[in-house]
Asks: 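Could you have a look at this structure, given as structure tokens, before my questions?
Quick caveat, the model's predicted, so the values are computed rather than measured. Note that ligands are numbered from 1 as they come in the structure, with each ligand's atoms numbered from 1 the same way.
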Amino acid sequence: MLGYKVPFVNPSKHYELLKEEILNSIDDVLSRGDLVLRRDVEEFERNIASFVGTKYAIGLNSGTDALFFALEAAGIRQNDEVITVAHTFVASVSAIVHCGAKPILIDVGEDFTIDANKIEEKISSKTKAIIPVHLNGRCCDMEKLMTIAKKHNLIVIEDAAQALGAKFKTKEGKWKIAGSFGLAGAFSFYPFKVLGAFGDGGIMATSDENIAEKVRLLRDHGQKTKTELACYGWNSRLDNLQAAILNVKFKHLSEWIKRRREIAGIYNKGLSGISGIELPPSPDSDLRRFDVYQNYVLRVLKRDELAMYLKERGVETLIKDPIALHHHPALGLSNFRLPYTEQLAEEVISLPIYPELTKGEIKYVIDCIRKFYV
Ligand SMILES: *Cc1c(COP(=O)(O)O)cnc(C)c1O
């Protein structure tokens, strides 16, 4: 990372700007001796539940466990089928596999989220759930999806790991937050997510009391009280110190989302009209969506050459999935044929996007890309 003029992420700059607040909160927590599941976790759970609009939020060690526990608590088991996409981070699929169930992968639409029109043809008598993935900070079409789920009596667990704060407007004209549509929503606080800890963290949001209760048990070895075990569980608690840090950062979340949207708008304007590039939707282009731009992803021609060209000019980019998920032989998913997903594996590239990016840095990235395509 050192040496890049515009690094893909910049955790030390992020820290520098928050240093005083963060160090004060760490000092406070350590002085109180509050290390495991203390009031900072509870406060953070309340913050997220109220932000997302669910009754409960359960702090966990990762977004992966938030997904896995939600499925587990919803009763997904062996011989069940769960529909999701292949154009996602592997955790969306591994959570299904870890429940003993079978992932059924379908293609995404033009905006990289689940193509709701392809769901019904994959529903069988074994189908129990759908996991829509709100990829890159864009909420799936949850109206279509919830209608299908209701019609076929399917559970919906939202993978909102990349989408804290993303919204979708319902037919009635009401904004609803990603993660609050289904039975549960899974969020990640991996350091480079919209809201990131200084380590791992996750949360499962739900308004279902039963699911909340079960996940609370699953994260702490089934310990209902210090002496009563209600089930077998795991060790997957959100670290109290990370929760304290997240409470500090949470105060900045809205301003960070605003800045990400601004940057996406500047990129879109600066990169418009170049043949060979397909831009993500602009922040205000879709009246029913509020994207948080976890990632800024282009579909481009000559993708690998572009990445090399930018690297030579000090711009770090990310090509996250050069091999489509279902094409990794070790995962046992190679029976799926997903033409659009396979094409995206060859064409997508992510540009740096984080609140700390300067105007000059954004302009430099745009200028380099324009030069490459002239
Ligand atoms: C990051 C991410 C996860 C997993 O979150 P972790 O906190 O890293 O376990 C799951 N799904 C998607 C789409 C993600 O981007």
Asks: Using distance only, find each side-chain donor-acceptor pair of residues 175-197 under 3.5 Å and give its atom names and separation, not counting sequence neighbours.
Replies:
unit_1	atom_1	unit_2	atom_2	d
Ser180	OG	Ile177	O	2.6
Ser188	OG	Tyr190	N	3.1

Asks: With no hydrogens and no angle check, is any side-chain donor or acceptor of Glu16 less than 3.5 Å from a backbone partner on Ser12?
Replies: no

Asks: Any sub-3.5 Å donor-acceptor pair from Asp107's side-chain atoms to Tyr340's backbone N or O?
Replies: yes

Asks: So, for His14 and Trp256, is the gap between ring centers shorter than 6.0 Å?
Replies: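 Centroid distance His14-Trp256: below 6.0 Å, so yes.
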
Asks: Would you check ligand 1 and list the protein residues that come within less than 4.0 Å of it by any heavy atom, ordered by chain and number?
Replies: Ser62, Gly63, Thr64, Thr88, Phe89, Ala91, Ser92, Val133, Asp159, Ala161, Gln162, Ser188, Lys193, Gly201

Asks: Taking atom types as modelled, find out whether Asp34 and Asn240 have a side-chain donor-acceptor pair closer than 3.5 angstrom.
Replies: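 The answer is no; no qualifying pair exists.
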
Asks: What closest approach, in Å, do Leu218 and Cys231 show between heavy atoms, and which atom pair accounts for it?
Replies: CD2-SG, 4.3 Å

